[in-house]
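Notes follow once the structure below has been shown.
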Amino acid sequence: MPPRERIWVDSKDVGHPAARPGTIATSLAIAALLVGACQPDPGERDGAEDLGAELDNAGFRDRVVEFVRDVTTDDPGLSCTLPLSAAQPFTVAVSMYDRGAVVGRGLAAGTELCEALEEATRRALAASGPDGSRVTRARFVVELIDHDYALVEYEGKGVELVRGLVPVRALDRAMVRRRIDEGKAYLLRVMDPALGGVHKYYHAPTDSFDDRLHTIYTASTLYTLLAVHAHDRDESLREPIARAAGFLLSMQRVAPDQPGHGAFHYSLDLRRLEREPRFVVGTTSKSIFTLIELHALTGDRAYLDAARLAADWLLTMQGDDGRVSSELRLDSNHTWSVSGRESMLYTGQVLSALSRLYEATADARYLDAAARTAGRLTAKVEREGCYVGDDYRSPNPISSSWVILSLFDFARASEDPAIRQTVWGCADELLTRQIDDPDDVYRHGRWQASLSSSGNGWLAEVLSELYLDCPDSDPDDCAGFRGAVVRLFRLLMQYTYSPENSFVARNPDMARGGVFWSARDRYVRTDSVCHAMNAYVFMVDHLPDGVLVELPEPPLAERLGLEERSGRLAGDEDEEVDDALEEDDEPAL
């Protein structure tokens, strides 16, 4: 896991002694309305007061950026048209981002916003050093810390920031289509040009990859490119699909009578060009998903044969009671060992893989094995309810959604109406846990225990599949699924690199279309892109014209605390709780 990359500034992050005023109030409140300019003449105060009353959020942010840029010119005739003053000081943080890195930070306080902003900007400039070209390249982030108000510079204007995210306040179908095109281009850029495999991480702040190619993320990328190809009939995807498919097949262990025969190696070490002696049931299951689709596209029997061989290995990891062991690995003593810990994510992946392979082959062995695991999951639901956990996690929406999707796949393969009813009941229960708070642009659309883009993308993918299968006789529930997915789409777009929010990316063109993990962690994990893309592709033709979501920004006075604030603001402690509950695509042992 890469290190955390903090985006918003708190006072403790600013280490320069000069950046700390002698006394900074820990809790600031604006006692006066919009009055007075930065350094007004007595006769000008009434005009500035009127100007303050007329300012909206966009105008205010633009003027902040304009003033910060004026400070960088060191113009002796500096003037400010930000009509804000307070009985207690404003605490202002100014950060300079250059090629994804913070190169200067300044903190200052003052009863006049202009004077605090000017001082914080000068301290950020001093901290950045003497390189004048850095100032030209930099993008400035300005935070009114105690008022939870922030903005980032973009093309000379100020763009809203909420807890480090550039929020998406409106969504329509055209935006979904653009994200499909950008996500496809991103996946093609990050595929290894020679080997065809895909990394787990792209570290956007440093423009670098991890040193392994991962089988499951290659399989996921292929699955997404196949979905885009099926939807768009984009024949230019044939070559990269074939290249990645070659890597996928190369990662299957073919060693009859040896441990792991038929399974897929977890990763390839690019330094040694060695395949990792670790076989995770999730890696093999997701590879089966993709091999089935490759066979459907090409008709090449090799893909279906590889899927059968992989499924046969999965059967060796399943107990008579349907319980699934997590992985087989070669330990430091060169002894093969099996982990018995159970993950609903892994168990669900195995159940889905066996169910889908039965549909592709009609081989009853796979349906019989799937039935054992389906029975185990339905018993768990009857015993614990639909919101479940496992040996890795307390109850959470990701594990719960895997139970839903895998039972959905089994119900489709077995044509079992009772299982189908369980699926719809659990799906309805899951929807009730989605945060639906239009006043909370930061959280609206997600689940309390699913902070990351991967988890929310996965939920969007599952709910999209359910929507596409939703019976016409139940339009209310179908509309409920679509509404939940649309809320997730808006949320996911806040986590997608675009020109506006790429100030933390060293190479914005490379990062564009990548879906970063969270507001704290700005790396792109490949499955985040794939899950979001799958949901976009599944749903884009089922979205109506016009605005799908619109979350108006509260008035400036309310945003700055001059009026009662609506909605909730995230606290750091809440984020830590959410992050701890997040399920990895393949949780580490």
May I ask you to decide if [Y]'s main-chain N or O and [X]'s side chain share a donor-acceptor pair within less than 3.5 Å?
{"X": "Ser502", "Y": "Ala505", "answer": "no"}
{"X": "Arg243", "Y": "Asp192", "answer": "yes"}
{"X": "Asn456", "Y": "Ser450", "answer": "yes"}
{"X": "Ser352", "Y": "Gln349", "answer": "no"}
{"X": "Ser400", "Y": "Val388", "answer": "yes"}
{"X": "Ser285", "Y": "Gly282", "answer": "no"}
{"X": "Asn396", "Y": "Ser394", "answer": "yes"}
{"X": "Arg139", "Y": "Val504", "answer": "no"}
{"X": "Gln434", "Y": "Gly445", "answer": "yes"}

How are the rings of [X] and [Y] set relative to one another: parallel (under 30°), tilted (30 to 60°) or perpendicular (over 60°)?
{"X": "Tyr495", "Y": "Phe516", "result": "tilted"}
{"X": "Tyr201", "Y": "Tyr523", "result": "perpendicular"}
{"X": "His214", "Y": "Tyr266", "result": "perpendicular"}

Requested in this report: Give, for atom OG of Ser452 and atom NE2 of His531, the distance between the pair rounded to the nearest 0.5 Å.
Outcome: 9.0 Å
Query raised in the report: Quick one: CZ on Arg443 to CZ on Arg163, what's the gap to the nearest 0.5 Å?
Result: 8.5 Å
Query raised in the report: Going through the distances and angles, do Arg271 and Asp211 end up as a salt bridge (Lys or Arg N to Asp or Glu O under 4.0 Å)?
Result: CA-CA 7 Å; Arg271 295 165 300 180; Asp211 57 7; 3.3 Å; yes
Requested in this report: State whether Tyr387 and Arg433 meet the cation-pi test: NZ (Lys) or CZ (Arg) under 6.0 Å from the six-membered ring centroid, and within 45° of the perpendicular axis.
Outcome: yes
Show the nearest heavy-atom pair for residues [X] and [Y], with the distance to one decimal.
{"X": "Phe264", "Y": "Thr284", "result": "N-OG1, 3.1 Å"}
{"X": "Phe279", "Y": "Trp313", "result": "O-CH2, 3.6 Å"}
{"X": "His199", "Y": "Tyr217", "result": "O-CB, 4.0 Å"}
{"X": "Leu248", "Y": "Ala219", "result": "CD1-CB, 4.1 Å"}
{"X": "Tyr223", "Y": "Arg356", "result": "OH-NH1, 3.3 Å"}
{"X": "Val529", "Y": "Gly513", "result": "CG1-O, 4.2 Å"}

**Report entry** Flag if over 12 foreign heavy atoms under 6.0 Å of CG, Asp257
**Finding:** no
Say whether [X] and [Y], considering side chains only, have a donor N or O and an acceptor N or O under 3.5 Å apart.
{"X": "Glu182", "Y": "Thr496", "value": "no"}
{"X": "Gln252", "Y": "His265", "value": "no"}
{"X": "Asp527", "Y": "Ser454", "value": "yes"}
{"X": "Trp458", "Y": "Ser401", "value": "yes"}

Indicate yes or no: does [X] engage [Y] in a salt bridge with an N to O separation below 4.0 Å.
{"X": "Asp207", "Y": "Arg99", "answer": "no"}
{"X": "Asp409", "Y": "Arg412", "answer": "yes"}
{"X": "Arg308", "Y": "Asp312", "answer": "no"}

Query raised in the report: Should Gln258 and Trp336 count as side-chain neighbours, where that means a heavy-atom distance under 4.5 Å?
Result: no
Query raised in the report: Asp210 and Arg212: salt bridge (Lys or Arg N to Asp or Glu O under 4.0 Å), yes or no, with the steps?
Result: CA-CA 6 Å; Asp210 56 305; Arg212 289 179 177 272; over 6 Å; no
Query raised in the report: How would you list, by chain and number, every residue that makes a side-chain hydrogen bond (donor to acceptor under 3.5 Å, both in side chains) with Thr224, sequence neighbours excluded?
Result: Asn534
Query raised in the report: Under the side-chain hydrogen bond (donor to acceptor under 3.5 Å, both in side chains) test, which residues partner Arg420, sequence neighbours left out?
Result: Asp469
Report task. Kindly determine whether Asp321 and Arg323 satisfy salt bridge (Lys or Arg N to Asp or Glu O under 4.0 Å), including the steps that lead there. Result -> CA-CA 6 Å; Asp321 62 351; Arg323 182 184 176 92; over 6 Å; no
Query raised in the report: When the aromatic ring centroids of His203 and Phe209 are compared, is their separation below 6.0 Å?
Result: no
Requested in this report: Could you walk me through whether Glu342 and Arg376 pass the salt bridge (Lys or Arg N to Asp or Glu O under 4.0 Å) test, one step at a time?
Outcome: CA-CA 12 Å; Glu342 185 175 34; Arg376 179 176 180 82; 2.9 Å; yes
